[in-house]
Every structure is written in C-alpha cells, then in structure tokens.
A.B. asks: 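Just dropping this structure here.
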4 protein chains.
Amino acid sequence: MIVAMQDQATDEQITTVIERMVELGFNVHRTTGEAQTILAGVGTPAHFEVTEFQVLPGVHQAYRISSPYKLAGRGFRPEGTRITFPNGVVVGGEEVVVMSGPCSVESRDQIRLSAKQVAAAGCQFLRGGAYKPRSSPYSFQGMGLEGLKIMREAADEYGLLVITEVMEISQIEPMLEYIDCFQVGARNMQNFNLLRELGNVRKPVLMKRGIAATIEEVLLSAEYILSGGNYDLMLCERGIRTFETYTRNTYDISAIPVLKKLTHLPVLGDPSHGVGKREFVPAMALASVAAGADGLLMEMHPNPDKAMSDGAQSLFPEQLNQLMAKLHQLAPVVDRKLAPAVVPAHA
Amino acid sequence: MIVAMQDQATDEQITTVIERMVELGFNVHRTTGEAQTILAGVGTPAHFEVTEFQVLPGVHQAYRISSPYKLAGRGFRPEGTRITFPNGVVVGGEEVVVMSGPCSVESRDQIRLSAKQVAAAGCQFLRGGAYKPRSSPYSFQGMGLEGLKIMREAADEYGLLVITEVMEISQIEPMLEYIDCFQVGARNMQNFNLLRELGNVRKPVLMKRGIAATIEEVLLSAEYILSGGNYDLMLCERGIRTFETYTRNTYDISAIPVLKKLTHLPVLGDPSHGVGKREFVPAMALASVAAGADGLLMEMHPNPDKAMSDGAQSLFPEQLNQLMAKLHQLAPVVDRKLAPAVVPAHA
Amino acid sequence: MIVAMQDQATDEQITTVIERMVELGFNVHRTTGEAQTILAGVGTPAHFEVTEFQVLPGVHQAYRISSPYKLAGRGFRPEGTRITFPNGVVVGGEEVVVMSGPCSVESRDQIRLSAKQVAAAGCQFLRGGAYKPRSSPYSFQGMGLEGLKIMREAADEYGLLVITEVMEISQIEPMLEYIDCFQVGARNMQNFNLLRELGNVRKPVLMKRGIAATIEEVLLSAEYILSGGNYDLMLCERGIRTFETYTRNTYDISAIPVLKKLTHLPVLGDPSHGVGKREFVPAMALASVAAGADGLLMEMHPNPDKAMSDGAQSLFPEQLNQLMAKLHQLAPVVDRKLAPAVVPAHA
Amino acid sequence: MIVAMQDQATDEQITTVIERMVELGFNVHRTTGEAQTILAGVGTPAHFEVTEFQVLPGVHQAYRISSPYKLAGRGFRPEGTRITFPNGVVVGGEEVVVMSGPCSVESRDQIRLSAKQVAAAGCQFLRGGAYKPRSSPYSFQGMGLEGLKIMREAADEYGLLVITEVMEISQIEPMLEYIDCFQVGARNMQNFNLLRELGNVRKPVLMKRGIAATIEEVLLSAEYILSGGNYDLMLCERGIRTFETYTRNTYDISAIPVLKKLTHLPVLGDPSHGVGKREFVPAMALASVAAGADGLLMEMHPNPDKAMSDGAQSLFPEQLNQLMAKLHQLAPVVDRKLAPAVVPAHA
C-alpha cells in the first residue's frame, strides 16, 4: 500500500499513519520530498481496507498496490486453465465452443427440438433455464427440476452438454445429477453464499459478470469459487448497464481481452444478453471471437416469437446456422478454430 | 400496450402484430395516420414482454403503458404504509426515524458501547451486520448468529430495535428470534428466491436499492415481497454506481421523492453507503430529510479508525450527536419531526 | 508520481522506468520489498501523463499524486472566493442566492412578467436563454441578441442581475453590454477555446458540470478560466447522466459538499436540469441548500405549459414563492441565510 | 405522439391534453379502455416537446413515436452514403478504410516518419492533431496551423489523405486549404454552433460520438450538419463513459451495427480512444470490422513512449503492420475487403 500525505501534513499526522500501517503488518518506507511525504507499505497483511487510510487526517490519497485476488490472477497459472468435459470437449484451449438453446425450458417438445437444432448447427452445449430470475414476480418463473430432467434427456439424445442457471444454494444438490455445468447469472455474481457453496462442488461453473460489476469485482467473485477448491471456472461477459437504452445492455467486448490478460480462466461472451435484440447478435458474436473469446453463449429458440421469455433476443435456428458458418471462417484469423460438432448418442 | 408501426409497414406486418396482441388477450384499436399506423392494446394480459413486439417486422416501437407492479404502486394504498414496531415506533408517519450503529458486530463490548451511543444520540434502531457480504473472500465475513445474540442483548439494554442484513434463505429462521427488521442489501435486491421467502415471514423488511437498479426494478422487487403477503416493507436509497469515483457511489437523493410519489411504502436514505466518506455523511443526511425521507440508516462506530469494515464511512459518536441536533431543527421545515428517543429497558 | 512495479519485474524494466521519470524531472526514491519494487517520484514536472507509465513493461500501476489543478484548489484561497456583483449581491459568503427565470427568452412580455415574478419571490438574478443549445436543429434556437436586450430591460426594471448562457466565442463581446454573469452550459464544459476566452474577460462566470464530467474534470475546466486571470468563477452541479431514466439526469447532490471541500470557488445547484420534472424541483432545491450550496439556479415560467422549451421542469410562479418561504426557514439550520430580495429600480 | 392517461384521469384532464395536442397540430384519436384512455396524435408538428405532456395532470406517460431526425435516418437514402475522396478512396462502400497516425503533430520529422509508416502499413488516411482539446490547460495544446502545414506536406509525399480535428469555428476557414476531412471530437459533438458551420462547408466531416451521447443524440447532431447541406458525413464510435475504469472508456461496439441500421451514413470505429491502452487496440480493431465498421481510426506513433500526448494508446509501427495483415484476412469473412494501399506522390 502507498499513502501520499498532503503537502501541509503535520509530523503527528504522518506518525499516526505510519503506526497504523505497522499495526496492520506493513513495513513502512518513508520518502520525504520538498513538499510531500510518501509512505510505501511493503508486505501483505491478511486484510486491510485502503479506504480507512483515505480518510485519516493529513492523507492526500492511499493506494492498494497488491492485487486483492490471488488464485484468479494470471500469475497463478500462466499457461491458462483448460476445462475438460465428460464428452471430451475442452474449454480454454485452442478451440472455441458454442453454447446455445432457449432462454427457458418450456416443454419436452420445445427443448428436444432446440437440442436437435443446436446440435445440427454444430454447437457443443445446450443451454436453457429451469429456474428463472425474473424482475417481475408475475413473469414465467421456470419449470424447475422437471425442466432439468427433460433438458438432460434432450441433450443426451443429441450428444450435447447441459449448462443451466443455479439461483439458490438448495438447488445445487438436486441439479448435480442432471447438468454438466452450473451457470451463475449476472444478478448472483455477488451472492457470496452461493459462490462459496459452488466452490465446494466438483462440477464446472460459468459465472457471468454482474450488470454493474467492475473487472476487479468479477475476479474477486471468482476468488470465492476458486478458494473453495473448484478450479473449473469460466467467466462470461454479458453486457453492463450504461445510459444507452437502445440496446438492452452495453456489451463490453473489451472485457474479453482484458480478462484474458488478468486471469488464467477461460472467458466467454454472451451477445444475446449483451444487446438484447436478435438482429445485432450475429455481429456481436463475430466481434467477440475476433476479440479473443474462448466461447459463446447465445439464445436460440425454435420459434422465438412464441418464446415464454427473452424471445426478442433469441436467434432463429437458421440464423444460428449461418452464424456458425461465419464463425468457422473467422476463428482461424485469430489463430483459433471452432470446436467440432458433437456426436449424437444414437450415432 | 401501444405499438407504433414503421411508416412503410405492410398490411401483412400490421395484421401479424394485431393477431399476436389478440392472442395475448388485448383488445386492439387501430389508428391509421397519413404515414403511420398505431395499435393500442387495451386490457391487461397476465404476462407479456414488450420486447417481443419491438423486434417484430414493421414495428417502429412498442410501449408497455400499464405499470408492471400492482401492490407496490401508490394507488394500492394512497394514504401510505405505516409500520408499527414492538416498542411503538412507527415508520412512514409524520416522524422521521434514525437507524445507526457499526457496519459489523465485532464484539460484545463494541456493540454494547455502540448501542449506548446510538440511544444517547436519540436514534430508534441499532444496525449492525452479523452476516457480511464482502467483495473479497479474504475480508472479515461477520460473527454470524453469535453476533446477532449480543446485538439483541445490547439493543434491549438501551431500548433499541434491531435491524440487520439477511443474505441467505437459511438464515431467516434463526434470525427471527433476535431481530426486529430484516435488511436486504443492495447486492440481493434481485435475489428473487430470498425476496419470495421474506414475503412469507411476518416481520418488517427494509430493502435497499441495488447499485444498478432502476426505480422500476426496485418496485418490481418490492412486489416479490408484497405478493407473499408481507406488507411491512421499507425501501432505502443507498447510492448507485456511476462514472464518478470520488464518492463510493452516487447518492441519488432524487429517488426519495420519486419513490414517495410512485409507491405507498416508506422510503429511507443511507448516506453512509451513498458517499462512503464520513465527512460528507452529515450534509447528505440533512439533504435526505429535506428531500422527504421517512428515515435514515447511517453507520456509526465507537472507534471508526479501528473498525473491521467500512470504518471510512462510519461517523464518530460525537458527529452523530451533532447531526441529530441539526436534524431536529431541519425536520419541521418539511413538516416532519424526528421520532422521540427510545427509553432504555432499565429506565 | 508513484510507480508500483509488478512482482516479477526485471531490473532492466525498473531501470527503464527510473530513467524516464528522471528525464521528465522527477527525483526518484526506490523501495525494494520482498516481492515488489515501488518508485516514488518527487517533484512536479511541467506536464506528464501518468498513463504513459501504466503501459510500460513491468509496471503494475502508476499513480499521479499531485493534484493536476493549482488555482482551483482550496489551498489556493482557503477562506473561499466571494464574488461581488454591481448591486451589492455577494456569492460565496454567508448568504444563499437564487437565480430564476424561464428557460428561453420568448418575448418582451414574457420576460418582463418573469422578471416581476422572480423579483417578487425574492430572488437576486434573472436567468433566461437567448442563445439556446438544442439537441435537435428543428427545436427553437433562441432570440439571440434581441433576447438579451429585452432581458436586460426587464431585469433593470426590477433590480435583478442578468445571467445567461454563452455558446460561442463570437457571442462574448456583444453580450458584455447586457449581462452580469456568463453561464457556460454543461455541453460546453470542455469547450476549451471558449473557456480560455472567458478567462480573459472581467465579468463573472458560472460554469456548469458536464453531463459526464468527473469532479476532477470540473476543476480542470475551471483552471482554464482561472489561469486566464478571471477569478470570479462559480461552479454548478446540474445532474449527471446515469442508467436511471425516470429523472432527466441524476442530480448528484454530493458533488456540492465535495466541491466545497476541494475548491475555494462558490458552488451552486440547478435542480431543474437535475431532475427535469417540476414536481421534484422543490425537494431537490431544499436538499441542495441543506447540503451546503451557495445558491440555486432554477427555471420558472409565467406559463410553463406554453413554454417554448423545458416547460416540464419550469416551476409555476406560485411554486417558486412557496419554495422561497421554505428556503428561508431551512438556511439557518445550516448556518446560512437567504440573500435579501433586490430593490426595483423605480423604488 | 401517444399519450397514455392514468387510470383515474378525469374527463377534464383528458380534454386539456387533447386541446393542447390539437393546438400543436396533431389529429387526435382517442381509445377508451375499461380503465385507461389512450390518445394517439397523428401528424408531425414542426416542434414539440414530449416532456411537456409527461407532466400534465392525469397523464401516465407520453411517447414521441416519430423519429426526431429526418435527413440522418436510413430511410432518407436506403442504399447508404458513399463519400469519395480526391485520390479516389471511397468510404461507405465495400472497402474498409484505415486512418492512422499520432495523437499530436509534434514536429516535421515526427509527422513525416509517421506518414511513411502509415502508408507502408497500407492505410489511406493520415490522422494527427494540430489543435488539441486537453482536459488540463497545462498539457500540450498542439502546434496549430504550422502543424497542419507539415502534416499536409507529409501526407502528400506518401499519397495519404489528411484528417484532423477542428475545435472552433474560426479554425474552419484556415484549415480548408490543408485537409481532406474535418474531425469533430467527442467533446464537441454537441457544440451546435460548430456543427452548423460545418454544415455549410463542402468538405467531408467525421463526427465522433460524445462520451455520454445516446445513439439518438448522435443522429440529432448529425442532423445539424446534414441540414446545412453537407452530406459527406461519417460517424465514429470511440467509447462511452461508464463505471468501468480499467479501460479509458467502454468501447461500445454494438453501436456500429445499430448505427448502420438506423442511418445511411458510414460508421467507423476508434478503438484507441475506446480502450486507451495499446495492448487491447488490435483485438478491438478486429472486433470492430467483424461488427460491420466501414473503417477504423487508430493512433500510431513512431515512438509512443516519447509521445507528447496519448502515448499509452498509440500502436507501435510494427503492431500496426501486423494488425493490417489480420484485417486483410478478417474483412472477407464479413463480405468486405480492405481498401488498397495508397500510391505515394513520387511513385
């Protein structure tokens, strides 16, 4: 930590700051300039709050200089994390994976048709919500466990992996049987109790960036899961809230290369929630891969105009096909390739 | 709902939109102008998504015109909600209440001294966190149930009510015995499972606005609690995230009169989290009451420089005293008065 | 400046950074910790960019620790700036001033009636736009010089001072004859050529905060005017752009005490633009003065429903009267009083 | 315009709204539902403010349904605008153009070397600032007219076009002789006097999106230039201000396809200002073209570590070369190609 004192700081004020730094466990080096004194605290105390120093009398500014996260930092695993799924699909390597499917599991027919289309388009994961976080209590809240069962069946038939959102600690245990990957939604990125529990399971997790979460907060939330011992973690940019309302959110594509630099964890993009209107999803999907994404999460619905939720941002099946063709062409430009299509169970 | 078609929309496109509106349960009235057709949907279908219409071919824009919340709206209870607590304190009436105390319960001595100072200053509620949501897993996470017990003891000794944060469904049951009011933190404002459970208890709840929550989202989250049958709900502005970083958040004081207009629920302000630096808290507390707040939630610590969390924004006991004196003078200007000081148990 | 090197920084990288710091004019003090090296640069080079260091190889983070503004800083004039106007009104002292009037000067009758009502309410300044910045080229663009002349006449008749917006360098000279104070609008807060010219005139200036301007940027823009030698400068908070759309802007009242701490310049609030809807203006005006504002700028129109611009946020004359009465009661709570009403010329 | 009345609106309130709509020039169609009355105003009055209706008694909400811009809308020129430059380069067609060069023109040698490198990399335009908008009055303010002259010389030697920023009306006339394209910076996007003057010149203009400008405001500002008769206008996304501070701005790539849909004007991207750190610029440049950009504006400096401004975001010449090679591969994926390299004058 560094504390820059005000020009007119008194000796007594400087001494108070030094004593508090030492008390916390820092070794303090003092630089006295013509006008200003600078205190450099060396060492890494277990926990301290830099804001505490910012309001001490005589302090101009205080900076934390060590990274507040450890396990999530790139330095912890410089070569990058690769997550291997049961069917051999790897996330975080050379191959770019694609996860697609409807916002909500609505019926056996709907999810089965979705799985068929998702597999036919060449994707690896079937996504679909069984437990739905909805802003209004009067909106469709999801099919629950029953939805998970029929999604598992549908995915198995076509060789797909299952990713779906977990909203609550009590859902973790029953979900384990049916899914391949937990998804933590944007609204739960700082539901620390949930994160801590997910650190204790041995099943991959994809954690989305909160709508107002800084890059640092994303990595601190990742730290909750990693520190429990679950290292199979992926991050996902899905748009942040800004003043612009033409798009549902502002899809912060720059977060993809920034996260790839700061952390060893795979980083995916979710352009569907990023922009919220299907017509812009293909352009944003291409841009995400051009920017270095390890994968994509996109909503597709067999009949988006009749979807029970998020129809406006769900691709038509044919749009997904066309987009996959473009992605196949684009990936090599950035020295990647799309992961191969999965093989149906009955093949 | 209203759908404004594009100038060049075809008859077929218009017909498709009308059919979908009728299918959802709207009666549709069509206005054909020189250039543009407008479709007014009358009626209130159980659930529909306005975004679905925004992406239909030929649609220029679609607007939801009915309010998406019902129980939270001012019209549901025009005279305003008043919540009466066990010791007779009423929130939502003429009197302005003050809730104060440390960020975290740290020890029996600390919370007992806090309670004494909070009561002496003339406040009605003792606040203090036993379960703490912290961005970093390495920060102090709270004393848990043990913290609640000693907070209850301290509050009882001085006649104060207890308000504290609940983070997880499983905490609700054990908390019931020790507290007078649940607090839902900003990070949990869209933890819908938690909200739904709090709708089932019969104990008041104070719900804070999320850091990136719109006014409408605040009211929709309130609807989750109200629709469970728990009407003893207060809302609390505590700052939103913007580009400005000098203050911890941007304390949106205008949300106070806006919420007072839109809902019948009491509205409080939390200037401590709003600005994050104690020196600006008194000015923001005065401004909140001037703007119509029904109460204040503020951090105070017997020794802020040694606080285990949020020391930078905690008032010194003497600052709280001085502020209370000012608040007593200010309240009558806006036709309010401060709630009377509580009477200690041993009095 | 302080440069914190990465844990794994090489000696060569450290040397490169030191050499560049020395080249710019810093004396460099080096602190070598177990893992990390910290370089403290003492001295104040004429100009340097801290971002330049942030991207040098081996650098973890770099911080500017000296304030980038000099003349605007509180330390330059600790007692605070007071601006005395021709009729004896002082801004920046104990008294709180009020500036009011229509958004646009629309006609001789309209501005004369406005002046009468503004004076009767007890305000000191007549505001009104003759040159109007409008988002659309098809909106009313103002009466120009003719508007200034009739505003001057109206103000003189009732003893009011005139404040009005300048948008362009070429308008400065012709305006000088008719006005008492230039207003720089939010859109021009970083129109540096205009600011520089206003530094050369000897007439007070009120500069509004830009819609996306940080506190530091406000003070740097102030520095442009001050460094030209014009010290009669006031700042004005008028709302920033955030994700919330219920209000026109988010009125950042905390900026008022923050600016009062950082600078010696008077700080006013403009709740009309802050919230954009007249029904919330009185509450925000009271809150502004409670927070320490040196004055208020508010729109009032004799007939807001027929206003040519910003009618929705203009107070009715009677609302202004009632508000002024409340402000008279509120000011003493924060050890201020309202400036006395002006004396009409014919009195 | 559409006005949705409140459920409890009185007949008198409804009549007042209708009368005001008729007064402004609307034909009003009234739809009376069980609970709510909806008023559809058909026609397009010259100017009206929708906010005026939002605050009328009994009004629930009012919506403008006609687009506030006319000339900028896609419908005005559905095939898209193509701008042809003196040397035959076309912006807005199949080919993607690249504009590059230093932030500031610093010396004859620097700009000549820059031009050489920019041309060698295969770009079409030389960018460089002679008049510099700087947040601080103590930062380097640019070489002015002298800078323009040496930039023109350098560009001519290598066959490049010149684009540079205009900050002030008085600069337009002297600049005309030396440049091929005016650039309006983000800070001047709502400097309406400047925009209006640029509508009167017959020289192309590239206008950047303001740091807090909505898509609609971008198009309204474009309307100022177009309505003066200058149709050779390009728009440019360059990052918006959000809560995220790791990057200089949040580069809103989705604005590119959104603008391409809404307007016929060419749309470019400026990833340098978008992210502010050179290491992320190539990824964002690729993403921009993948998202449909008609061109790129990027900072490059022969020696970025010694640049007088914005060195941190300037590419090294070798980085630009490598990026151009990638762009050549990427463009065909989205059915585009890079514009051919220019031919030096002495060739």
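Order of the sequence lines sets the chain letters (A, B, ...), proteins ahead of strands, with each chain counted from 1.
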A.B. asks: Sort D/I38 into side chain, backbone, both or neither according to what part of it lies under 4.5 angstrom from a heavy atom of chain B.
C.D. replies: side chain
A.B. asks: Would you say CD of B/E12 has more than 12 non-hydrogen atoms from neighbouring residues, nucleotides or ligands within 6.0 angstrom?
C.D. replies: no
A.B. asks: Evaluate whether atom CZ of B/R134 has more than 12 neighbouring non-hydrogen atoms of other residues, nucleotides or ligands under 6.0 angstrom away.
C.D. replies: yes
A.B. asks: Only pairs of heavy atoms separated by less than 4.5 Å count here; which of D/H29, D/Q8, D/E244 has the most with chain B?
C.D. replies: D/H29
A.B. asks: Under a 4.5 Å heavy-atom cut-off, does chain B meet the side chain of D/R64, its backbone, both or neither?
C.D. replies: backbone
A.B. asks: Quick one: which of D/T242, D/T32, D/I2 has the most heavy-atom pairs under 4.5 Å with chain B, could you say?
C.D. replies: D/I2
A.B. asks: Please look at D/Q36 and chain B and tell me whether the side chain, the backbone, both or neither of the residue comes under 4.5 angstrom of a heavy atom of that chain.
C.D. replies: side chain
A.B. asks: Considering only heavy atoms and a distance below 4.5 Å, find which of B/T31, B/N27, B/V42 pairs most often with chain D.
C.D. replies: B/T31
A.B. asks: So which residue, D/I65, D/T245, D/D7, ends up with the most heavy-atom pairs under 4.5 Å with chain B?
C.D. replies: D/I65
